[in-house]
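Every number for a ligand or one of its atoms is a count from 1 in the order of the listing.
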Amino acid sequence: MTKTAAVVLAAGMGTRMKSRLPKVLHPVAGRPMVAHVTGTLETLAGGLERLVVVIGPDMDAVAQAVAPYPTAVQEDRLGTGHAVLQARDALDGSDADTVLVVYGDTPLITRETLARMVAARQGAGNPAVVVLGFRPADPTGYGRLVTSADGLEAIVEQKDATEVQRAITLCNSGVMAIDAQMLVPLLERVGNDNAKGEYYLTDIVGLARSDGRSCVVVEGAEQEMLGVNSRLELAQAERVCQDLLRRKAMENGATLVAPETVFFSADTVLGRDVQIEPFVTFGPGVTVADGVTIKSFCHLEGATLGSGVTLGPHARLRPGTDVQEGARVGTFVEVKNSRVEAGAQVNHLAFIGDARVGAKANIGAGTITCNFDGFEKHHTDIGAGAFVGSNTALVAPITVGDRAFVGAGSTLTRDVPADALALTRADLTQREGWATRLHRRMARVLDKR
Ligand code: UD1
Ligand code: MG
(Lines give C-alpha, C1' and ligand atoms only; values in the text may rest on other atoms or scores of the structure.)
(Ligands and ions follow the chains in the order given, each with its own letter.)
Protein backbone atom coordinates (compact mmCIF):
# COMPACT_ATOMS: atom_id res chain seq x y z
CA MET A 1 0.00 0.00 0.00
CA THR A 2 1.41 3.37 -1.01
CA LYS A 3 1.24 6.37 1.27
CA THR A 4 0.58 9.93 0.21
CA ALA A 5 1.08 13.23 2.04
CA ALA A 6 -0.14 16.60 0.81
CA VAL A 7 0.99 20.20 1.02
CA VAL A 8 -1.61 22.85 0.24
CA LEU A 9 -0.24 26.28 -0.65
CA ALA A 10 -2.39 29.06 0.75
CA ALA A 11 0.02 31.82 1.74
CA GLY A 12 -1.15 34.33 -0.86
CA MET A 13 -3.36 37.11 0.52
CA GLY A 14 -4.95 37.52 -2.88
CA THR A 15 -4.54 41.26 -3.37
CA ARG A 16 -6.65 41.21 -6.51
CA MET A 17 -9.65 39.99 -4.53
CA LYS A 18 -9.63 43.42 -2.80
CA SER A 19 -10.81 41.79 0.40
CA ARG A 20 -10.05 41.68 4.10
CA LEU A 21 -10.70 37.94 3.97
CA PRO A 22 -7.72 35.76 2.94
CA LYS A 23 -8.34 34.58 -0.60
CA VAL A 24 -8.66 30.86 0.13
CA LEU A 25 -11.48 31.52 2.62
CA HIS A 26 -13.76 32.96 -0.04
CA PRO A 27 -16.51 30.39 -0.52
CA VAL A 28 -17.42 28.49 -3.65
CA ALA A 29 -20.77 26.69 -3.30
CA GLY A 30 -20.89 27.74 0.36
CA ARG A 31 -17.54 26.19 1.27
CA PRO A 32 -14.19 27.99 1.56
CA MET A 33 -11.97 27.29 -1.44
CA VAL A 34 -9.26 25.73 0.71
CA ALA A 35 -11.83 23.35 2.26
CA HIS A 36 -12.75 22.16 -1.25
CA VAL A 37 -9.11 21.27 -1.75
CA THR A 38 -8.60 19.55 1.61
CA GLY A 39 -11.98 17.82 1.20
CA THR A 40 -10.99 16.44 -2.19
CA LEU A 41 -7.61 15.29 -0.87
CA GLU A 42 -9.38 13.47 1.97
CA THR A 43 -11.35 11.38 -0.49
CA LEU A 44 -8.22 9.90 -2.11
CA ALA A 45 -8.31 6.13 -1.90
CA GLY A 46 -6.17 4.96 1.00
CA GLY A 47 -6.40 8.38 2.63
CA LEU A 48 -3.56 10.72 3.39
CA GLU A 49 -0.61 10.00 5.60
CA ARG A 50 -0.66 13.69 6.51
CA LEU A 51 -1.73 17.07 5.20
CA VAL A 52 -0.07 20.43 5.83
CA VAL A 53 -1.41 23.82 4.79
CA VAL A 54 1.13 26.60 4.19
CA ILE A 55 -0.35 29.95 5.21
CA GLY A 56 0.89 33.53 5.38
CA PRO A 57 1.48 35.51 8.56
CA ASP A 58 -1.72 36.76 10.27
CA MET A 59 -3.87 34.06 8.75
CA ASP A 60 -5.26 32.50 11.92
CA ALA A 61 -8.64 32.36 10.25
CA VAL A 62 -7.24 30.03 7.59
CA ALA A 63 -5.57 27.89 10.26
CA GLN A 64 -8.95 27.61 12.02
CA ALA A 65 -10.74 26.74 8.80
CA VAL A 66 -8.38 23.86 8.00
CA ALA A 67 -8.06 22.51 11.56
CA PRO A 68 -7.29 19.83 12.68
CA TYR A 69 -4.75 19.82 9.85
CA PRO A 70 -1.52 21.55 10.86
CA THR A 71 -0.37 24.74 9.21
CA ALA A 72 3.12 26.07 8.50
CA VAL A 73 3.62 29.82 8.26
CA GLN A 74 5.58 31.29 5.37
CA GLU A 75 6.77 34.59 6.84
CA ASP A 76 8.05 36.04 3.57
CA ARG A 77 6.53 35.24 0.24
CA LEU A 78 9.67 34.13 -1.56
CA GLY A 79 8.10 31.81 -4.11
CA THR A 80 6.30 28.50 -4.50
CA GLY A 81 9.46 26.45 -3.81
CA HIS A 82 10.12 28.40 -0.62
CA ALA A 83 6.44 27.95 0.35
CA VAL A 84 6.61 24.14 0.08
CA LEU A 85 9.85 24.09 2.05
CA GLN A 86 8.01 25.71 5.01
CA ALA A 87 6.12 22.41 5.42
CA ARG A 88 9.39 20.58 6.07
CA ASP A 89 9.00 20.34 9.87
CA ALA A 90 5.37 19.33 9.62
CA LEU A 91 6.33 16.55 7.20
CA ASP A 92 9.23 15.38 9.35
CA GLY A 93 9.01 11.67 10.15
CA SER A 94 6.39 11.06 7.49
CA ASP A 95 6.62 7.65 5.86
CA ALA A 96 4.71 8.75 2.77
CA ASP A 97 6.30 7.89 -0.55
CA THR A 98 4.57 10.64 -2.51
CA VAL A 99 3.91 14.26 -1.59
CA LEU A 100 1.14 16.03 -3.49
CA VAL A 101 1.44 19.79 -3.82
CA VAL A 102 -1.87 21.53 -4.51
CA TYR A 103 -2.87 25.21 -4.50
CA GLY A 104 -5.52 26.35 -2.03
CA ASP A 105 -7.05 28.68 -4.62
CA THR A 106 -7.79 25.93 -7.16
CA PRO A 107 -11.04 24.57 -5.75
CA LEU A 108 -12.21 22.51 -8.74
CA ILE A 109 -9.40 19.98 -8.83
CA THR A 110 -10.88 16.47 -8.73
CA ARG A 111 -10.05 13.31 -6.86
CA GLU A 112 -9.79 11.40 -10.15
CA THR A 113 -7.04 13.71 -11.41
CA LEU A 114 -5.12 13.60 -8.13
CA ALA A 115 -5.44 9.80 -8.10
CA ARG A 116 -4.05 9.63 -11.64
CA MET A 117 -1.07 11.69 -10.51
CA VAL A 118 -0.36 9.50 -7.51
CA ALA A 119 -0.67 6.41 -9.72
CA ALA A 120 1.80 7.89 -12.23
CA ARG A 121 4.22 8.69 -9.40
CA GLN A 122 4.10 5.08 -8.21
CA GLY A 123 4.14 3.73 -11.75
CA ALA A 124 6.63 2.96 -14.49
CA GLY A 125 10.08 4.54 -14.19
CA ASN A 126 9.56 5.73 -10.60
CA PRO A 127 9.45 9.39 -11.69
CA ALA A 128 10.77 11.94 -9.19
CA VAL A 129 8.11 14.49 -10.16
CA VAL A 130 4.71 14.16 -11.83
CA VAL A 131 3.31 17.47 -13.06
CA LEU A 132 -0.33 18.11 -13.87
CA GLY A 133 -0.29 19.76 -17.27
CA PHE A 134 -3.09 21.31 -19.29
CA ARG A 135 -3.56 23.19 -22.55
CA PRO A 136 -5.30 26.47 -21.73
CA ALA A 137 -7.09 28.49 -24.39
CA ASP A 138 -4.65 31.28 -23.50
CA PRO A 139 -1.28 30.08 -22.10
CA THR A 140 -0.06 33.59 -21.20
CA GLY A 141 1.44 33.75 -17.73
CA TYR A 142 1.68 30.01 -17.13
CA GLY A 143 4.88 28.01 -16.78
CA ARG A 144 5.55 25.98 -19.95
CA LEU A 145 6.28 22.26 -19.85
CA VAL A 146 9.37 21.42 -21.89
CA THR A 147 9.11 17.77 -22.91
CA SER A 148 11.25 15.27 -24.82
CA ALA A 149 11.01 11.61 -25.77
CA ASP A 150 12.09 10.90 -22.14
CA GLY A 151 9.16 12.80 -20.66
CA LEU A 152 9.29 16.14 -18.89
CA GLU A 153 12.64 17.95 -19.04
CA ALA A 154 11.95 21.29 -17.37
CA ILE A 155 9.34 23.89 -16.47
CA VAL A 156 10.08 27.41 -17.67
CA GLU A 157 8.15 30.34 -16.28
CA GLN A 158 6.66 32.74 -18.84
CA LYS A 159 8.97 35.55 -17.71
CA ASP A 160 12.08 33.39 -18.12
CA ALA A 161 11.03 31.65 -21.34
CA THR A 162 12.54 32.07 -24.79
CA GLU A 163 10.31 32.82 -27.79
CA VAL A 164 10.41 29.17 -28.78
CA GLN A 165 9.46 28.04 -25.26
CA ARG A 166 6.61 30.55 -25.10
CA ALA A 167 5.13 28.87 -28.16
CA ILE A 168 4.64 25.66 -26.13
CA THR A 169 0.95 25.17 -25.39
CA LEU A 170 1.33 22.55 -22.65
CA CYS A 171 1.31 24.44 -19.36
CA ASN A 172 1.93 23.85 -15.67
CA SER A 173 -1.23 23.77 -13.53
CA GLY A 174 0.93 23.95 -10.41
CA VAL A 175 -0.19 20.58 -9.05
CA MET A 176 2.64 18.10 -8.54
CA ALA A 177 3.20 14.64 -7.12
CA ILE A 178 6.74 14.39 -5.83
CA ASP A 179 8.91 11.53 -4.59
CA ALA A 180 8.77 12.16 -0.83
CA GLN A 181 12.43 11.12 -0.36
CA MET A 182 13.52 13.75 -2.86
CA LEU A 183 11.26 16.65 -1.88
CA VAL A 184 13.44 18.44 0.66
CA PRO A 185 16.83 17.63 -0.96
CA LEU A 186 15.55 18.99 -4.28
CA LEU A 187 13.97 22.11 -2.75
CA GLU A 188 17.17 22.90 -0.85
CA ARG A 189 18.98 23.14 -4.17
CA VAL A 190 16.50 25.57 -5.74
CA GLY A 191 17.93 29.06 -6.20
CA ASN A 192 16.30 32.37 -7.02
CA ASP A 193 18.34 33.51 -10.00
CA ASN A 194 15.37 34.20 -12.28
CA ALA A 195 13.17 36.99 -13.62
CA LYS A 196 11.09 37.23 -10.43
CA GLY A 197 13.94 36.59 -7.95
CA GLU A 198 11.75 33.85 -6.41
CA TYR A 199 12.42 30.28 -5.31
CA TYR A 200 10.41 28.41 -7.94
CA LEU A 201 8.94 25.02 -7.08
CA THR A 202 9.03 24.34 -10.80
CA ASP A 203 12.84 24.23 -10.78
CA ILE A 204 12.80 20.82 -9.06
CA VAL A 205 11.99 19.23 -12.42
CA GLY A 206 15.24 20.34 -14.08
CA LEU A 207 17.18 19.43 -10.92
CA ALA A 208 15.71 15.92 -10.79
CA ARG A 209 16.50 15.43 -14.49
CA SER A 210 20.11 16.46 -13.94
CA ASP A 211 20.27 13.74 -11.28
CA GLY A 212 19.15 11.27 -13.92
CA ARG A 213 15.63 10.85 -12.49
CA SER A 214 12.64 10.88 -14.83
CA CYS A 215 9.75 13.32 -14.64
CA VAL A 216 6.37 12.97 -16.34
CA VAL A 217 3.28 14.97 -17.25
CA VAL A 218 -0.29 13.93 -16.55
CA GLU A 219 -2.77 16.00 -18.54
CA GLY A 220 -6.04 17.33 -17.17
CA ALA A 221 -8.95 19.52 -18.28
CA GLU A 222 -8.54 23.29 -18.13
CA GLN A 223 -11.78 23.72 -16.18
CA GLU A 224 -10.32 21.85 -13.21
CA MET A 225 -7.24 24.04 -13.06
CA LEU A 226 -9.17 27.29 -12.70
CA GLY A 227 -7.20 29.31 -10.16
CA VAL A 228 -9.10 32.09 -8.43
CA ASN A 229 -7.32 35.43 -8.24
CA SER A 230 -10.20 37.87 -8.61
CA ARG A 231 -13.91 38.13 -7.91
CA LEU A 232 -14.52 37.48 -11.58
CA GLU A 233 -12.66 34.18 -11.40
CA LEU A 234 -14.49 33.41 -8.15
CA ALA A 235 -17.77 33.75 -10.04
CA GLN A 236 -16.41 31.53 -12.82
CA ALA A 237 -15.46 28.85 -10.31
CA GLU A 238 -18.91 29.16 -8.73
CA ARG A 239 -20.58 28.66 -12.09
CA VAL A 240 -18.57 25.55 -12.90
CA CYS A 241 -19.12 24.15 -9.41
CA GLN A 242 -22.89 24.80 -9.52
CA ASP A 243 -23.15 23.06 -12.87
CA LEU A 244 -21.40 20.01 -11.42
CA LEU A 245 -23.66 20.01 -8.34
CA ARG A 246 -26.84 20.34 -10.44
CA ARG A 247 -25.71 17.49 -12.63
CA LYS A 248 -24.94 15.35 -9.58
CA ALA A 249 -28.37 16.12 -8.05
CA MET A 250 -30.14 15.02 -11.23
CA GLU A 251 -27.96 11.94 -11.65
CA ASN A 252 -28.91 10.94 -8.11
CA GLY A 253 -32.62 11.15 -8.83
CA ALA A 254 -33.80 14.71 -8.20
CA THR A 255 -35.89 16.64 -10.73
CA LEU A 256 -34.75 20.20 -11.36
CA VAL A 257 -37.26 21.96 -13.56
CA ALA A 258 -34.85 24.81 -14.32
CA PRO A 259 -31.43 23.64 -13.10
CA GLU A 260 -29.68 26.89 -13.96
CA THR A 261 -31.80 28.70 -11.32
CA VAL A 262 -31.08 26.33 -8.45
CA PHE A 263 -28.03 26.94 -6.26
CA PHE A 264 -26.51 24.25 -4.08
CA SER A 265 -23.87 24.11 -1.39
CA ALA A 266 -21.04 21.65 -1.76
CA ASP A 267 -22.48 19.67 1.19
CA THR A 268 -26.15 19.59 0.10
CA VAL A 269 -27.57 16.07 0.41
CA LEU A 270 -30.65 15.17 -1.66
CA GLY A 271 -32.67 11.97 -1.66
CA ARG A 272 -34.50 10.42 -4.59
CA ASP A 273 -37.60 11.81 -6.26
CA VAL A 274 -36.99 15.24 -4.84
CA GLN A 275 -38.78 17.87 -6.94
CA ILE A 276 -37.14 21.27 -7.03
CA GLU A 277 -38.97 24.10 -8.75
CA PRO A 278 -37.14 27.13 -10.19
CA PHE A 279 -35.23 29.62 -8.04
CA VAL A 280 -34.26 27.70 -4.93
CA THR A 281 -31.09 28.32 -2.91
CA PHE A 282 -29.45 25.77 -0.65
CA GLY A 283 -27.05 27.29 1.89
CA PRO A 284 -24.63 25.06 3.82
CA GLY A 285 -25.86 22.12 5.90
CA VAL A 286 -29.05 21.02 4.15
CA THR A 287 -30.22 17.40 4.01
CA VAL A 288 -33.32 16.46 2.05
CA ALA A 289 -34.94 13.00 2.25
CA ASP A 290 -36.78 11.15 -0.52
CA GLY A 291 -39.96 12.46 -2.10
CA VAL A 292 -39.65 16.07 -0.91
CA THR A 293 -41.15 18.88 -3.00
CA ILE A 294 -39.49 22.28 -2.81
CA LYS A 295 -41.49 24.95 -4.60
CA SER A 296 -40.11 28.11 -6.12
CA PHE A 297 -38.21 30.83 -4.24
CA CYS A 298 -37.26 28.88 -1.14
CA HIS A 299 -34.05 29.59 0.78
CA LEU A 300 -32.69 26.88 3.07
CA GLU A 301 -29.65 26.65 5.31
CA GLY A 302 -28.78 24.28 8.14
CA ALA A 303 -32.06 22.40 7.66
CA THR A 304 -33.18 18.78 7.51
CA LEU A 305 -36.29 17.77 5.57
CA GLY A 306 -37.90 14.37 6.18
CA SER A 307 -39.47 12.26 3.47
CA GLY A 308 -42.51 13.63 1.71
CA VAL A 309 -42.17 17.16 3.11
CA THR A 310 -43.61 20.03 1.03
CA LEU A 311 -41.91 23.37 1.21
CA GLY A 312 -42.81 26.79 -0.13
CA PRO A 313 -43.21 28.59 -2.40
CA HIS A 314 -41.29 31.40 -0.68
CA ALA A 315 -40.30 29.53 2.48
CA ARG A 316 -37.19 30.36 4.44
CA LEU A 317 -35.55 27.69 6.59
CA ARG A 318 -32.77 28.91 8.84
CA PRO A 319 -30.16 26.87 10.75
CA GLY A 320 -31.42 24.28 13.20
CA THR A 321 -34.64 23.55 11.34
CA ASP A 322 -35.91 19.98 11.27
CA VAL A 323 -39.07 19.41 9.25
CA GLN A 324 -40.19 15.83 9.73
CA GLU A 325 -41.96 13.32 7.55
CA GLY A 326 -44.90 14.59 5.57
CA ALA A 327 -45.00 18.03 7.24
CA ARG A 328 -45.82 21.13 5.21
CA VAL A 329 -44.17 24.52 5.51
CA GLY A 330 -45.83 26.92 3.12
CA THR A 331 -45.83 30.38 1.65
CA PHE A 332 -43.91 33.16 3.39
CA VAL A 333 -43.09 31.01 6.39
CA GLU A 334 -39.78 31.41 8.21
CA VAL A 335 -38.58 28.63 10.49
CA LYS A 336 -35.46 28.83 12.65
CA ASN A 337 -33.98 26.42 15.19
CA SER A 338 -37.23 24.49 15.41
CA ARG A 339 -38.66 21.04 14.91
CA VAL A 340 -41.82 20.73 12.87
CA GLU A 341 -42.91 17.17 13.59
CA ALA A 342 -44.45 14.62 11.25
CA GLY A 343 -47.57 15.72 9.43
CA ALA A 344 -47.68 19.20 11.02
CA GLN A 345 -48.77 22.12 8.84
CA VAL A 346 -47.53 25.68 8.90
CA ASN A 347 -49.01 26.74 5.63
CA HIS A 348 -48.93 30.52 5.40
CA LEU A 349 -47.27 33.69 6.70
CA ALA A 350 -45.73 32.53 9.97
CA PHE A 351 -42.56 32.77 12.03
CA ILE A 352 -41.61 29.67 13.97
CA GLY A 353 -38.42 30.24 15.99
CA ASP A 354 -36.90 28.20 18.85
CA ALA A 355 -39.97 25.98 18.87
CA ARG A 356 -41.38 22.52 18.57
CA VAL A 357 -44.52 22.05 16.55
CA GLY A 358 -45.94 18.67 17.51
CA ALA A 359 -47.03 16.00 15.06
CA LYS A 360 -50.11 16.90 13.01
CA ALA A 361 -50.47 20.29 14.71
CA ASN A 362 -51.98 23.02 12.53
CA ILE A 363 -50.54 26.50 12.73
CA GLY A 364 -52.78 29.21 11.32
CA ALA A 365 -51.78 32.03 9.01
CA GLY A 366 -50.01 34.90 10.72
CA THR A 367 -48.88 32.91 13.77
CA ILE A 368 -45.75 34.28 15.40
CA THR A 369 -43.60 32.67 18.08
CA CYS A 370 -42.37 35.71 20.00
CA ASN A 371 -39.06 34.08 20.88
CA PHE A 372 -37.02 37.15 21.75
CA ASP A 373 -37.68 39.43 24.71
CA GLY A 374 -35.06 41.96 23.74
CA PHE A 375 -32.38 40.13 25.74
CA GLU A 376 -32.75 36.38 25.42
CA LYS A 377 -34.34 33.74 23.22
CA HIS A 378 -37.10 31.52 24.65
CA HIS A 379 -38.69 28.25 23.62
CA THR A 380 -42.23 27.58 22.41
CA ASP A 381 -43.64 24.09 22.69
CA ILE A 382 -46.76 23.22 20.72
CA GLY A 383 -48.19 19.78 21.38
CA ALA A 384 -49.22 17.10 18.93
CA GLY A 385 -52.53 17.74 17.21
CA ALA A 386 -52.82 21.28 18.59
CA PHE A 387 -54.67 23.91 16.56
CA VAL A 388 -53.33 27.43 16.68
CA GLY A 389 -55.76 29.92 15.13
CA SER A 390 -54.68 32.59 12.69
CA ASN A 391 -52.85 35.70 13.81
CA THR A 392 -51.78 34.29 17.17
CA ALA A 393 -48.79 35.63 19.08
CA LEU A 394 -47.15 33.00 21.31
CA VAL A 395 -45.04 34.87 23.83
CA ALA A 396 -42.23 32.48 24.78
CA PRO A 397 -41.40 30.67 26.96
CA ILE A 398 -44.75 28.99 26.52
CA THR A 399 -46.37 25.58 26.11
CA VAL A 400 -49.52 24.71 24.21
CA GLY A 401 -50.62 21.23 25.24
CA ASP A 402 -51.50 18.32 22.94
CA ARG A 403 -54.76 18.75 21.03
CA ALA A 404 -55.38 22.21 22.57
CA PHE A 405 -57.18 24.89 20.55
CA VAL A 406 -56.07 28.51 20.44
CA GLY A 407 -58.62 30.98 19.11
CA ALA A 408 -57.62 33.26 16.24
CA GLY A 409 -56.12 36.59 17.13
CA SER A 410 -54.90 35.53 20.58
CA THR A 411 -51.83 36.82 22.34
CA LEU A 412 -50.79 34.03 24.70
CA THR A 413 -48.52 34.69 27.66
CA ARG A 414 -49.38 31.65 29.78
CA ASP A 415 -49.29 27.90 29.13
CA VAL A 416 -52.36 26.20 27.67
CA PRO A 417 -53.15 22.73 29.08
CA ALA A 418 -53.73 19.75 26.82
CA ASP A 419 -57.23 19.51 25.32
CA ALA A 420 -58.15 23.06 26.46
CA LEU A 421 -59.39 26.08 24.52
CA ALA A 422 -57.51 29.35 24.97
CA LEU A 423 -58.42 32.73 23.60
CA THR A 424 -57.61 36.27 24.51
CA ARG A 425 -60.14 37.84 22.19
CA ALA A 426 -62.03 40.91 23.46
CA ASP A 427 -65.83 40.51 23.47
CA LEU A 428 -67.60 41.69 20.34
CA THR A 429 -69.68 44.86 20.78
CA GLN A 430 -72.50 45.51 18.29
CA ARG A 431 -74.84 48.51 18.01
CA GLU A 432 -77.62 48.01 15.54
CA GLY A 433 -78.32 50.95 13.22
CA TRP A 434 -75.25 52.83 14.46
CA ALA A 435 -73.79 53.29 10.97
CA THR A 436 -77.08 54.57 9.56
CA ARG A 437 -77.22 57.21 12.32
CA LEU A 438 -73.63 58.21 11.61
CA HIS A 439 -74.33 58.67 7.89
CA ARG A 440 -77.34 60.85 8.56
CA ARG A 441 -75.49 63.02 11.08
CA MET A 442 -72.53 63.51 8.79
CA ALA A 443 -74.84 64.39 5.86
CA ARG A 444 -76.39 67.18 7.99
CA VAL A 445 -72.99 68.51 9.09
CA LEU A 446 -71.67 68.60 5.53
CA ASP A 447 -74.87 70.30 4.17
CA LYS A 448 -74.36 73.23 6.54
CA ARG A 449 -70.86 73.97 5.16
C1 UD1 B 1 2.72 29.18 -10.68
C2 UD1 B 1 3.77 28.31 -11.37
C3 UD1 B 1 3.48 28.26 -12.86
C4 UD1 B 1 2.08 27.74 -13.10
C5 UD1 B 1 1.06 28.58 -12.34
C6 UD1 B 1 -0.29 27.92 -12.42
C7 UD1 B 1 5.85 28.52 -10.10
C8 UD1 B 1 7.16 29.16 -10.01
N9 UD1 B 1 5.08 28.87 -11.12
O10 UD1 B 1 2.90 30.49 -11.17
O11 UD1 B 1 4.41 27.43 -13.51
O12 UD1 B 1 1.78 27.76 -14.49
O13 UD1 B 1 1.41 28.69 -10.95
O14 UD1 B 1 -1.26 28.76 -11.84
O15 UD1 B 1 5.51 27.72 -9.26
N16 UD1 B 1 2.30 30.82 -3.04
C17 UD1 B 1 2.68 30.78 -1.73
N18 UD1 B 1 3.86 31.38 -1.37
C19 UD1 B 1 4.66 32.01 -2.26
C20 UD1 B 1 4.25 32.05 -3.61
C21 UD1 B 1 3.07 31.44 -3.97
O22 UD1 B 1 1.98 30.22 -0.88
O23 UD1 B 1 5.71 32.51 -1.86
C24 UD1 B 1 1.05 30.18 -3.42
C25 UD1 B 1 0.00 31.18 -3.89
O26 UD1 B 1 -0.83 31.61 -2.82
C27 UD1 B 1 -0.77 30.40 -4.93
C28 UD1 B 1 0.27 29.44 -5.48
O29 UD1 B 1 1.29 29.34 -4.52
O30 UD1 B 1 -1.82 29.66 -4.36
C31 UD1 B 1 0.82 29.88 -6.82
O32 UD1 B 1 1.46 31.12 -6.69
P33 UD1 B 1 1.41 32.21 -7.84
O34 UD1 B 1 2.15 33.39 -7.38
O35 UD1 B 1 0.02 32.40 -8.32
O36 UD1 B 1 2.26 31.48 -8.99
P37 UD1 B 1 2.27 31.81 -10.53
O38 UD1 B 1 3.22 32.90 -10.78
O39 UD1 B 1 0.89 31.95 -11.02
MG1 MG C 1 -1.04 32.28 -10.14
Side-chain angles (χ1 to χ4, degrees), residues 6-17 19 21-26 32-34 36-38 52-59 62-63 66 71-88 90 100-109 129 131-146 152 154-161 165-166 168-176 178 186-187 190-207 215 217 219-220 222-230 233-234 236-237:
V7 177
V8 177
L9 299 190
M13 194 45 212
T15 357
R16 277 186 280 158
M17 295 295 284
S19 175
L21 193 67
K23 177 166 74 173
V24 296
L25 291 186
H26 282 264
M33 285 194 270
V34 69
H36 278 266
V37 176
T38 55
V52 187
V53 181
V54 179
I55 60 175
D58 304 320
M59 284 198 191
V62 181
V66 301
T71 49
V73 178
Q74 185 189 25
E75 294 293 346
D76 299 302
R77 224 171 157 281
L78 302 179
T80 48
H82 179 259
V84 177
L85 203 49
Q86 306 313 303
R88 176 181 13 199
L100 274 170
V101 175
V102 191
Y103 295 167
D105 61 2
T106 309
L108 302 174
I109 190 82
V129 184
V131 173
L132 180 60
F134 71 123
R135 296 180 191 274
D138 176 11
T140 313
Y142 289 110
R144 305 300 206 281
L145 302 185
V146 182
L152 180 63
I155 305 179
V156 187
E157 291 305 298
Q158 161 105 13
K159 285 193 175 163
D160 303 292
Q165 287 167 335
R166 282 186 194 185
I168 298 172
T169 55
L170 186 58
C171 293
N172 175 27
S173 69
V175 182
M176 293 188 188
I178 303 159
L186 283 172
L187 284 173
V190 169
N192 65 350
D193 182 15
N194 52 50
K196 277 183 154 179
E198 287 188 356
Y199 295 88
Y200 291 163
L201 172 64
T202 46
D203 282 357
I204 65 171
V205 170
L207 290 167
C215 296
V217 181
E219 273 196 58
E222 177 173 13
Q223 174 177 292
E224 260 185 63
M225 321 294 171
L226 181 70
V228 173
N229 299 299
S230 63
E233 286 167 347
L234 185 66
Q236 273 166 5

Can you tell me how far [atom2] of [Y] sits from [atom1] of [X], rounded to the nearest 0.5 angstrom?
{"X": "Leu186", "Y": "Ile204", "atom1": "CG", "atom2": "CD1", "answer": "5.5 Å"}
{"X": "Gln165", "Y": "Arg144", "atom1": "CD", "atom2": "CZ", "answer": "9.5 Å"}
{"X": "Leu85", "Y": "Leu78", "atom1": "CG", "atom2": "CG", "answer": "10.5 Å"}

Minimum heavy-atom distance between Phe134 and Gly220, given as atom pair plus value: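 Scanning both residues completely, I find the closest heavy atoms to be CB-O, 3.5 Å.
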
Crowding at CG, Asp138 (>12 non-hydrogen neighbours, <6.0 Å):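 Count over threshold, so yes.
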
In a simple table, one pair per line, please give the protein and ligand 1 atom names for every N or O pair closer than 3.5 Å, along with the distance.
residue, atom, partner, partner atom, Å
ligand 1, 9 (N), Glu157, OE1, 3.0
ligand 1, 9 (N), Glu157, OE2, 3.1
ligand 1, 11 (O), Gly143, N, 3.4
ligand 1, 11 (O), Glu157, OE1, 3.4
ligand 1, 11 (O), Glu157, OE2, 2.7
ligand 1, 11 (O), Asn172, ND2, 2.8
ligand 1, 12 (O), Gly143, N, 2.9
ligand 1, 12 (O), Asn172, O, 2.6
ligand 1, 13 (O), Tyr103, OH, 3.0
ligand 1, 15 (O), Thr80, OG1, 2.7
ligand 1, 18 (N), Gln74, OE1, 2.7
ligand 1, 22 (O), Ala11, N, 3.3
ligand 1, 23 (O), Gln74, OE1, 3.3
ligand 1, 23 (O), Gln74, NE2, 3.0
ligand 1, 23 (O), Leu78, N, 3.4
ligand 1, 23 (O), Gly79, N, 2.8
ligand 1, 23 (O), Gly79, O, 3.1
ligand 1, 26 (O), Gly12, N, 3.0
ligand 1, 30 (O), Asp105, OD2, 3.4
ligand 1, 38 (O), Lys196, NZ, 3.1

Residues Arg135 and Thr169: side-chain donor-acceptor under 3.5 angstrom: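 Yes - a donor-acceptor pair under 3.5 Å links their side chains.
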
